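Taking it in order: structure first as structure tokens, then the write-up.
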Amino acid sequence: MTTTAAPTTGERTAQRNDPGAAPRRRRSGRLRRIGLPYLLLLPALLLELLVHLVPMVIGIVVSFRELTQFYVRDWTTSPWAGLDNYTLSVDFDAPVGQALLHSFLITCLFTVVSVGLCWLLGTAAAVFMQETFRGRGFLRTLFLVPYALPVYAAVITWAFMFQRDNGLINHVIHDQLGLTDSPPFWLLGDNSFFTLLVVSVWKGWPFAFLIMMAGLQNIPRDIYEAAALDGAGVWQQIRRITLPSLRPVNQVLVLVLFLWTFNDFNTPFVLFGKSAPAAADLISIHIYQSSFQTWNFGTGSAMSVLLLLFLLVVTGLYLLFTSRGKKASDG
């Protein structure tokens, strides 16, 4: 067994006479404790840098270049375009700018309606599930199925259901119920917007339900019992207790749903293919078409940067507005 020799009388005297020894040991231990979390986060930070930040910087550089199919082999040799790609994208009198503006407005309308319905359905289901009844566990599991399914598998299933000739939707509303004179087109024309909205809400509301369920668990049941004794009805309890208590949860939930829905690419791409109808031309699929179908990667990158700036501004304004509202309510 190895033993450590005790310090001699001279060493102990030197340590006592050195006033900076103890502070140095404390400072060294404090640096190790502070540096260890950053050291553990370093692999994740490096991966984030490689996966997100580096492509983002390259995309910003490409937005200032005239990158077409002639320079795909070596994009660094493409001519410098300056702000021409941005000018072309925001020129709403030109076809490119008009198409981008149309896609932006469609995306805004789609996002507002989809987020609103997801929040409404998720909140209603979460409040309903707070009561104890037979089969509640089964319903909770059933409600989370759309959120657990892979996106591609779920959207492909919906695409088959919305087929005009062989789809389940037309089989029910036209063949069995006779609500239409002829089977409608759901994946073409104006109906494509409602098709996209149905799939988006079906896919997104379970997430709102899950978050609201977690938030409701933090509200003490004693408050509801006291309110019921005071004569408050169900709607008064929801308006006076539930919604104010869930305000911090709602702030995060609405922001996350907004960002996910506004940037959604998988749903329209799987549902409609590479070319979405004009009524369902979301800006994500529009940027993809502008980049990979016309081979004008410079203009597509400029549109992506403009979308990023828009989302940053909206997110900043939303956080500023909600933080001021929270301070006003606390005051």
Side-chain angles (χ1 to χ4, degrees), residues 102-103 105-129 133-210 212-213 257-258 260-286 288-289 292-293:
H102 174 267
S103 177
L105 296 177
I106 290 293
T107 307
C108 289
L109 177 62
F110 167 76
T111 302
V112 170
V113 178
S114 178
V115 171
L117 290 177
C118 288
W119 178 87
L120 182 62
L121 293 175
T123 303
V127 172
F128 175 72
M129 287 296 169
F133 58 91
R134 190 179 183 87
R136 184 178 66 166
F138 172 75
L139 283 179
R140 284 181 175 179
T141 305
L142 184 64
F143 287 168
L144 292 177
V145 167
Y147 183 67
L149 286 176
V151 176
Y152 279 82
V155 178
I156 288 175
T157 303
W158 276 104
F160 279 112
M161 292 173 62
F162 278 112
Q163 290 292 326
R164 180 180 185 271
D165 297 326
N166 303 316
L168 177 63
I169 304 298
N170 282 344
H171 176 70
V172 173
I173 67 173
H174 176 71
D175 298 339
Q176 294 185 346
L177 300 179
L179 299 179
T180 58
D181 297 332
S182 61
F185 289 96
W186 294 105
L187 301 177
L188 298 173
D190 295 337
N191 290 334
S192 59
F193 179 84
F194 300 101
T195 302
L196 182 61
L197 185 63
V198 168
V199 178
S200 176
V201 172
W202 177 86
K203 183 170 58 71
W205 83 267
F207 175 75
F209 165 71
L210 183 65
M212 299 300 282
M213 281 286 295
L257 286 176
F258 165 76
W260 282 1
T261 306
F262 207 95
N263 286 315
D264 190 12
F265 174 81
N266 294 329
T267 303
F269 183 78
V270 178
L271 200 60
F272 304 114
K274 296 180 180 180
S275 181
D281 185 24
L282 298 187
I283 196 167
S284 58
I285 198 76
H286 183 83
Y288 168 81
Q289 294 171 358
F292 292 94
Q293 288 191 353

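Since the model is a prediction, treat every value here as computed from it, not as a measurement.
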**Request:** Considering non-hydrogen atoms only, spot the tightest contact between P146 and W202 and give its length.
**Result:** CB-O, 3.3 Å
**Message:** Could you check whether W186 and F194 have their ring centres less than 6.0 Å apart?
**Reply:** no
**Message:** Would you call the rings of Y147 and F207 parallel, tilted or perpendicular, taking 30° and 60° as the class edges?
**Reply:** tilted
**Asked** Is there a donor-acceptor contact under 3.5 Å from the side chain of S200 to the main chain of L196?
**Response** no
**Message:** I need the Q293 CD to H286 NE2 distance, nearest 0.5 Å.
**Reply:** 10.5 Å
**Request:** Kindly indicate whether the side chain of L144, heavy atoms from C-beta on, has any atom under 4.5 Å from the side chain of R140.
**Result:** no
**Message:** Let me confirm one number: the CG-OG distance from L257 to S114, rounded to the nearest 0.5 Å.
**Reply:** 8.0 Å
**Prompt:** Counting only heavy atoms not in D175, do more than 12 sit closer than 6.0 Å to its CG atom?
**Reply:** yes
**Asked** F262 vs F258 aromatic rings, parallel, tilted or perpendicular, using cut-offs 30° and 60°?
**Response** tilted
**Request:** Determine the minimum heavy-atom distance between F272 and L187, stating which atoms define it.
**Result:** CD2-O, 3.7 Å
**Request:** State the CG-CZ distance between L282 and F265, to the nearest 0.5 angstrom.
**Result:** 10.5 Å
**Prompt:** Should V198 and W158 count as side-chain neighbours, where that means a heavy-atom distance under 4.5 Å?
**Reply:** yes
**Message:** Does F138 have more than 12 heavy atoms from other residues, nucleotides or ligands lying within 6.0 Å of its CZ?
**Reply:** no
**Item:** F160, CZ: over 12 other non-hydrogen atoms inside 6.0 angstrom
**Value:** no
**Item:** Heavy-atom closest contact (A276 atom, D281 atom, distance)
**Value:** CB-CA, 4.4 Å
**Request:** Say whether, by atom type as modelled, one donor and one acceptor occur between the side chain of S192 and the main chain of G189 under 3.5 angstrom.
**Result:** yes
**Request:** Please step through side chain to side chain contact (heavy atoms under 4.5 Å, CB included) for the pair L149 and V145, ending with a clear verdict.
**Result:** CA-CA 6 Å; L149 286 176; V145 167; 4.1 Å; yes
**Inter-residue atom distance Y288.OH - K274.NZ, 0.5 Å rounding** = 4.5 Å
**Request:** Let me see the working for V270 and V151 under side chain to side chain contact (heavy atoms under 4.5 Å, CB included), right down to the final yes or no.
**Result:** CA-CA 9 Å; V270 178; V151 176; 5.9 Å; no
**Complete:** Sorted by chain and residue number, the ring pair (Phe, Tyr, Trp, His ring centres under 6.0 Å) partners of Y152 (sequence neighbours excluded) come out as none
**Item:** Aromatic ring pairing F133/F128, orientation class (parallel under 30°, perpendicular over 60°, tilted between)
**Value:** tilted
**Considering all heavy atoms, the nearest G122-M212 contact** = O-CB, 4.3 Å
**Item:** Rounded distance (nearest 0.5 Å) linking atom CD1 of I285 with atom CZ of F269
**Value:** 6.0 Å
**Request:** Using modelled atom types only, decide if a donor and an acceptor are shared between the side chain of N170 and the backbone of R164 within a distance under 3.5 Å.
**Result:** yes
**Message:** Walk me through whether L271 and T195 qualify under side chain to side chain contact (heavy atoms under 4.5 Å, CB included).
**Reply:** CA-CA 9 Å; L271 200 60; T195 302; 3.9 Å; yes
**Complete:** Heavy atoms of M129 and M213 approach each other most closely as CB-SD, 3.8 Å
**Request:** Can you see which heavy atom on T180 is nearest to which on H174, and at what distance?
**Result:** O-ND1, 3.0 Å
**Prompt:** Could you give the distance from CG (D264) to CD1 (I283), rounded to the nearest 0.5 Å?
**Reply:** 13.0 Å
**Message:** A side-chain contact here means heavy atoms from C-beta on lying under 4.5 Å apart; do N266 and V155 qualify?
**Reply:** no
